[in-house]
Amino acid sequence: MPRIAKYDFKKIEKRWKDFWDARGFFKVDTNNAEKKFYYLNMFPYPSGVLHVGHGRNYIAGDAIARYWKMRGLTVLNPMGFDAFGLPAENAAIESKTHPREWTIANIEGMKRQFHEWGIVYDWDREIRTCEPEYYKWNQWLFLQFYKKGLAYRAMAVVNWCPGCETVLANEQVSEGRCWRCDSLVEKKKLQQWFFKITAYADQLLKDLDKLEHWPERVRVMQRNWIGQSQGVEIDFSIEGSAQKLRVFTTRPDTIFGVTFMALAPEHPLVEEFLADEPDPKRREEARAFVQRVLQQGEIARGAANVPKEGFFTGRFAINPMNGEKIPIYIANYVLMEYGTGAIMGVPGHDQRDYEFAKQYGVEIRRVIESDENRGELRSAFEGEGRLVNSGEFTGLSSREAFHKIGEFLQSRGQGRFAVNYRMRDWLISRQRYWGTPIPIVYCDRCGTVPVPESELPVKLPDIPFIGKKGLAEIPEFYKTACPQCGGPAKRETDTMDTFVDSSWYYLRFISPHDDTRPFDPQAVNRWLPVDQYVGGIEHATKHLLYSRFVTKALRDMGYVQFDEPFARLFNQGMIEHMAYRCSEHNWIHPHEVREGNRCPHCGRPLQAELRKMSKSQRNTISPQEVIDQYGADTERLYTLFMGPLERDIEWTDEGVRGSFRFLNRVWALVLSQARKLTDVGVLDTAQFGERERKVWQKLHHTIKAVTEDIEGFQFNTAVAAIMELVNELTDYVTEQPKRVNRALMKRALEDLVLILSPFTPFICEELWRRLGHEDAVLEQSWPAYDPTALRAAEREIVIQINGKVRDRLTVPAEIGEDRAELERRALAQIQRRLDGKQVVKVIIVPGKLVNVVVKE
RNA sequence: GCGGGGGUGGCGGAACUGGCAGACGCGCAGGACUUAGGAUCCUGUGGGGCAACCCGUGGGGGUUCGAGUCCCCCCCUCCGCACCA
């Protein structure tokens with residue numbers, strides 16, 4: 001065997017690193033949408049140094065882009081940076097620089113990393129949301145929304161994050177904590193800007209059904225988030241008052257079971273009742289109760305399983321169905337933000353009301369009965385059934401009663417069918433510097449005045465950044481003249497939520513440098529929706545919901561003609577790594593851990609736990625480290641091979657080495673053959689012997705599998721299939737090195753290199769040249785498989801007895817389809833085993849198996 | 001509580017419409033080459049048994065010639081939402 005040059009990945013990767021960019025393989029003319037394919041990764045926040053876990057979706061995206069390019073599509077695969085946001089400000093405060101410097105430095109670092117990975121983007125289309133040429137159009141968007149009444153300013157109780165010193169949207173609070181810094185969120189009453197996403201609640205919900213290529217869990221999360229409830233609004237009269245007490249219920253069929261009413265402590269009627277309260281002592285007690293609940297508020301009241309508490313107001317409501325007098329309470333579990341801020345209490349059929357009633361000795365009445373629930377009520381029966389004790393409605397089913405009672409109330413002007421949503425309007429104000437200024441001016445004479453479009457952008461003041469300075473502290477910024485009357489005026493000093501920036505950036509990529517408009521509507525209508533969108537699950541009810549809303553709003557304004565931005569969505573999983581913790585020295589990087597899982601500093605045993613890669617737990621792996629040791633191709637291959645892309649997977653150093661070994665095998669295989677493959681003559685399958693046919697079949701089988709797997713996001717099995725092919729070719733070569741069919745080998749190695757190239761582009765580009773080609777891999781067509789080649793000359797037929805494999809039979813392909821012949825041969829072969837048994841039945845699956853059913 | 005995923009060797013995971021469970025890789029064991037190996041290559045590797053064979057996809061039932069796959073009941077686990085009337 002001649003010596004084969006070692007796989008020198010450093011040299012190879014250096015050679016091809018700039019090649020693809022320089023050749024502009026992914027430059028796209030968006031005026032031409034012939035066979036277009038818009039692939040998009042969620043653009044990243046430039047938070048700093050990337051680890052191998054971050055590489056996952058970009059590497060997969062690059063493989064997909066390369067694949068479709070070879071399939072002959074025009075692939076748009078752009079990248080940009082979601083560059084406004086808090087971490088930049090915090091980092092700037094810490095390092096006494098400007099957020100811009102930190103942000104730009106990170107962007108440059110990340111771009112270098114993408115380049116090292118061999119990921120090819122069209123950088124001419126790069127977007128940075130912190131640049132005026134981009135955020136100008138955020139402001140434009142705001143103004144369009146303002147014109148349509150979709151942007152408004154209102155006093156509201158909002159979420160305030162003390163850590164970030166700004167307000168947050170509902171979507172950005174999880175379990176009472178800030179999504180970014182995990183601080184406990186407080187409530188504040190403030191004047192803030194909102195986008196009226198609730199106007200689209202119904203459409204956002206309905207159109208989820210259209211998104212059949214979205215993961216089910218994302219659709220479910222959005223459905224829950226929007227939280228639609230169909231029900232009835234009912235007006236109860238209040239004894240001794242002209243006011244009505246309006247409630248919302250999804251169960252009007254239980255209205256005869258109402259035995260109390262309850263108001264949220266913030267409900268306006270509470271103040272009114274207190275004002276009318278003649279007894280000063282009771283008034284004081286009531287005030288104290290309300291105060292206490294409000295204090296307890298945000299933290300405890302939001303949490304589940306808080307004991308129900310109430311206070312009787314001394315007032316009564318009248319049940320519109322039967323005229324009964326019903327006591328009105330104030331209750332801690334009634335939320336002002338939902339429905340009308342008041343409820344009708346039905347202890348028999350609502351568990352919360354049941355607990356309340358038990359606590360305060362309120363009557364519990366059964367008005368719904370079903371087979372599962374008769375006899376005594378030990379807890380509320382919340383199911384549907386038949387009405388009892390319900391006057392003229394007794395005997396109806398819950399469903400019938402829903403409509404009948406709704407209609408009855410409606411006809412008497414005491415109620416109406418209504419739909420309620422959990423989703424709230426999107427709070428977009430942020431009290432921070434590093435964001436898009438909201439283009440509004442407040443004038444004493446003219447009031448709230450939008451900045452004219454011709455005056456956009458309202459630029460961030462270009463001042464040295466010193467500490468936590470919001471725009472409200474920068475007079476150079478906020479002192480201005482009123483665009484309407486020219487008089488002195490003050491600019492809005494809040495900036496926009498960065499989620500505004502990302503809610504439409506996918507449109508900007510089509511014409512990223514157009515300074516006359518946010519996007520080219522014609523080109524956008526040709527190129528959108530995004531054909532494939534890929535990113536993390538964490539944006540299920542944030543970015544993905546906002547983007548859908550903005551798209552629909554733009555559609556209604558006539559700017560775009562589609563109503564969903566992302567046709568297909570895929571959520572990649574996280575990469576995890578062991579994290580080690582020492583009781584004395586805290587987190588220890590896995591590579592520093594001493595033999596026997598001990599701390600390198602003190603020798604104490606460490607606690608080991610598999611966790612998501614994160615800087616704070618010191619369990620990240622730097623891509624550079626892997627690239628230095630094994631090359632970018634190895635990292636790419638391992639990243640795609642380690643497991644299904646949607647799943648969380650552990651990173652192991654051994655796994656990386658396995659991928660490296662494989663690439664070495666490919667290298668050795670191709671190079672051992674490459675020199676022998678000149679003038680190989682015509683590939684003639686008719687000349688194939690049995691062995692060659694097997695190789696040929698394997699080749700086509702692999703092409704088919706890899707093609708289907710890439711399109712189905714199953715990169716792990718695609719790589720596995722290629723490994724099988726390499727094993728087969730290696731076996732073929734070693735079995736009979738002197739008699740290798742060179743035409744077959746040439747074709748097999750070429751196809752191998754081509755189908756492997758989306759995963760490991762560097763080595764494949766190199767091997768492609770070594771196989772004697774001058775042109776680039778990305779200029780080649782994706783290999784097609786030949787269905788006839790998949791058919792083997794012989795078939796192996798499994799012989800089962802009573803469903804268990806007992807023997808095998810090899811037959812020519814034609815016989816494999818011949819039932820009678822199969823049965824004859826199978827029975828002959830297992831004769832011995834059938835002694836003394838009675839054949840009851842023979843099941844034949846042509847080409848696959850014969851199952852002989854026997855009785856003793 | 002409601003909703004959505006998952007449960008397959010020592011590990012990550014394969015398995016088209018029900019049709020050879022464990023592809024591919026890691027790890028491990030043995031061997032080769034080496035001064036050496038945490039490098040490389042070869043062989044083996046679900047469990048039990050000398051073997052024929054038996055047992056095996058969270059548990060229990062069922063349908064079927066045949067079930068990881070379909071149906072019913074249950075358990076565990078991850079994620080999302082959660083006093084939303």
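Reminder, nothing fancy here: chain letters follow the sequence lines and each chain counts from 1. Source: prediction; values computed, not measured.
- With RNA chain B read from its 5' end, the first of the two nearest nucleotides for A/Asn224 and A/Val853 is the one closest to A/Val853.
- Taking atom C1' on both B/G48 and B/G66, the two are 25 Å apart, rounded to the nearest angstrom.
- Taking the six-membered ring wherever Trp is involved, the centroid distance between the rings of A/Tyr329 and A/Phe356 falls below 6.0 Å.
- Formation of a donor-acceptor pair under 3.5 Å by the A/Gln359 side chain with backbone atoms of A/Glu309 is not found in this model.
- A donor-acceptor contact closer than 3.5 angstrom is absent between the side chains of A/Glu355 and A/Tyr333.
- As rounded to the nearest Å, B/A23 and B/G44 have P atoms that lie 13 Å from one another.
- For B/G9, the O4'-C1' to base torsion is within 90° of 0; the nucleotide is therefore syn.
- Residue A/Arg422 contributes atom CZ, which lies 12 Å from atom C1' of B/G3 at whole-angstrom precision.
- A/Arg416 and A/Glu233 are joined by a salt bridge, as a carboxylate oxygen and a charged side-chain nitrogen come within less than 4.0 angstrom of each other.
- Among the heavy atoms of the strands, none lies under 4.0 Å from A/Asp350.
- With sequence neighbours left out, A/His543 forms a ring pair (Phe, Tyr, Trp, His ring centres under 6.0 Å) with A/Tyr533, A/His539.
- In terms of phosphate contacts, A/Lys848 brings no side-chain nitrogen or oxygen within less than 4.0 Å of OP1 or OP2 of B/G19.
- At B/G25, one or more side-chain N or O atoms of A/Asn727 fall inside 4.0 Å of OP1 or OP2 (strictly under the cut-off).
- Note on A/Pro215: nothing from the nucleic acid sits closer than 4.0 angstrom, heavy atoms only.
- Under 3.5 Å, the side chains of A/Trp225 and A/Glu171 contain a donor-acceptor pair of N or O atoms.
- Each of A/Phe641 and A/Tyr338 was assigned the nucleotide of RNA chain B with the nearest heavy atom; the assignment lying further toward the 5' end belongs to A/Phe641.
- If you check every strand for non-hydrogen atoms under 4.0 Å, A/Val798 touches a base.
- One interatomic measurement links the two molecules: CG of A/Leu725 to C1' of B/A23, which rounds to 14 Å at whole-angstrom precision.
- For the OP1/OP2 pair of B/A14 and a distance below 4.0 Å, the side-chain nitrogens and oxygens of A/Asn716 include at least one atom meeting the criterion.
- A sub-4.0 Å separation between OP1 or OP2 of B/G56 and a side-chain N or O of A/Lys804 is absent.
- For the C1' atom pair drawn from B/A14 and B/U57, the interatomic distance equals 12 Å after rounding to whole Å.
- Put simply, CD1 on A/Ile649 is 14 Å from C1' on B/C78, counting in whole angstrom units.
- Within the model, atoms CZ of A/Phe260 and CG of A/Asp353 stand 4.0 Å from one another, a figure rounded to the nearest 0.5 Å.
- Between A/Arg806 and the phosphate of B/C54, there is a side-chain N or O to OP1/OP2 separation shorter than 4.0 Å.
- Between A/Asp709 atom CG and B/C16 atom P there is a gap of 12 Å when expressed in whole angstrom units.
- For the pair A/Tyr638 OH and B/G27 P, the interatomic distance rounds to 11 Å; values are reported in whole Å.
- No hydrogens or angles considered: nothing links the side chains of A/His701 and A/Glu724 as a donor-acceptor pair under 3.5 Å.
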At under 4.0 Å between heavy atoms, which parts of nucleotides 5-10 of chain B does protein reach? Answer with one letter per nucleotide, 5' to 3': B base, S sugar-phosphate only, - none.
-> ------
Protein-to-nucleotide contact annotation, 5' to 3' order, nucleotides 37-48 of chain B [B base; S sugar-phosphate only; - none; under 4.0 Å, heavy atom] = --SSS-------
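- As a whole-Å value, the separation of A/Leu809 CG from B/C20 C1' is 14 Å.
- The gap from the P atom of B/C11 to that of B/G5 amounts to 26 Å, rounded to the nearest Å.
- Ion pairing between a basic and an acidic side chain is recognised when a charged N comes within 4.0 Å of a carboxylate O; A/Lys6 and A/Asp8 show no such pairing.
- A donor and an acceptor atom sit less than 3.5 Å apart, one in the side chain of A/Gln800 and one in the base of B/G19.
- The separation of B/G68 from B/G59, taken at their C1' atoms, amounts to 15 Å, rounded to a whole angstrom.
- The separation of B/A15 from B/G22, taken at their P atoms, amounts to 13 Å, rounded to a whole angstrom.
- Of the candidates B/C65, B/G25, B/A23, B/G25 carries the atom nearest the A/Met723 side chain, counting heavy atoms from C-beta on.
- Taking atom CD of A/Glu576 as the reference point, atom C1' of B/C79 lies 13 Å away to the nearest angstrom.
- With hydrogens and angles ignored, the 3.5 Å screen pairs no side-chain donor or acceptor of A/Thr249 with any backbone N or O of A/Val232.
- As judged by a 4.0 angstrom heavy-atom cut-off over every strand, A/Gly658 is placed among residues touching the sugar-phosphate backbone only.
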Show each protein N/O and nucleotides 49-51 of chain B N/O combination with a separation under 3.5 Å, one pair to a line.
none

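- Using atom C1' as the reference point in both B/A29 and B/G46, the two lie 16 Å apart (nearest Å).
- At a threshold of 4.0 angstrom between heavy atoms, the contacts of A/Val845 include nucleobase atoms, whether or not backbone atoms are also involved.
- Remark: RNA chain B takes part in the stems B:1-7 with B:75-81, B:10-12 with B:24-26, B:27-32 with B:40-45, B:46-48 with B:53-55, B:58-62 with B:70-74, each of 3 or more antiparallel Watson-Crick or G-U pairs, criterion distances under 3.5 Å.
- At the heavy-atom level, A/Glu650 lies nowhere under 4.0 Å from the strands shown.
- Applying the 6.0 Å contact sphere to CE of A/Met574 captures no more than 12 heavy atoms from other residues, nucleotides or ligands.
- Under the 3.5 Å distance criterion, with hydrogens and angles disregarded, no donor-acceptor pair is assigned to the side chains of A/Asn420 and A/Ser229.
- Between the CG atom of A/Leu849 and the C1' atom of B/G19 there is a distance of 5 Å, rounded to whole Å.
- Side chain to side chain, A/Asp253 and A/His349 fail the donor-acceptor criterion of an N or O pair below 3.5 Å.
- For the pair A/Thr652 and B/G27, the criterion of a side-chain N or O lying under 4.0 Å from OP1 or OP2 is not met.
- A salt bridge links A/Glu708 and A/Lys704; the closest N-O separation between the charged side-chain nitrogens and carboxylate oxygens is under 4.0 Å.
- Remark: A/Ile537 CD1 to A/Asn571 CG distance equals 4.0 Å, nearest 0.5 Å.
- Partners of A/Gln629 by side chain to side chain donor-acceptor pair (under 3.5 Å), not counting sequence neighbours: none found.
- As rounded to the nearest Å, B/G19 and B/A67 have C1' atoms that lie 10 Å from one another.
- Considering only the side chain of A/Lys841, B/C65 comes nearest among B/C65, B/G25, B/G3.
- Partner of A/Tyr638 under the side chain to side chain contact (heavy atoms under 4.5 Å, CB included) criterion, out of A/Thr652, A/Val719, A/Val626, A/Ile59: A/Thr652 alone.
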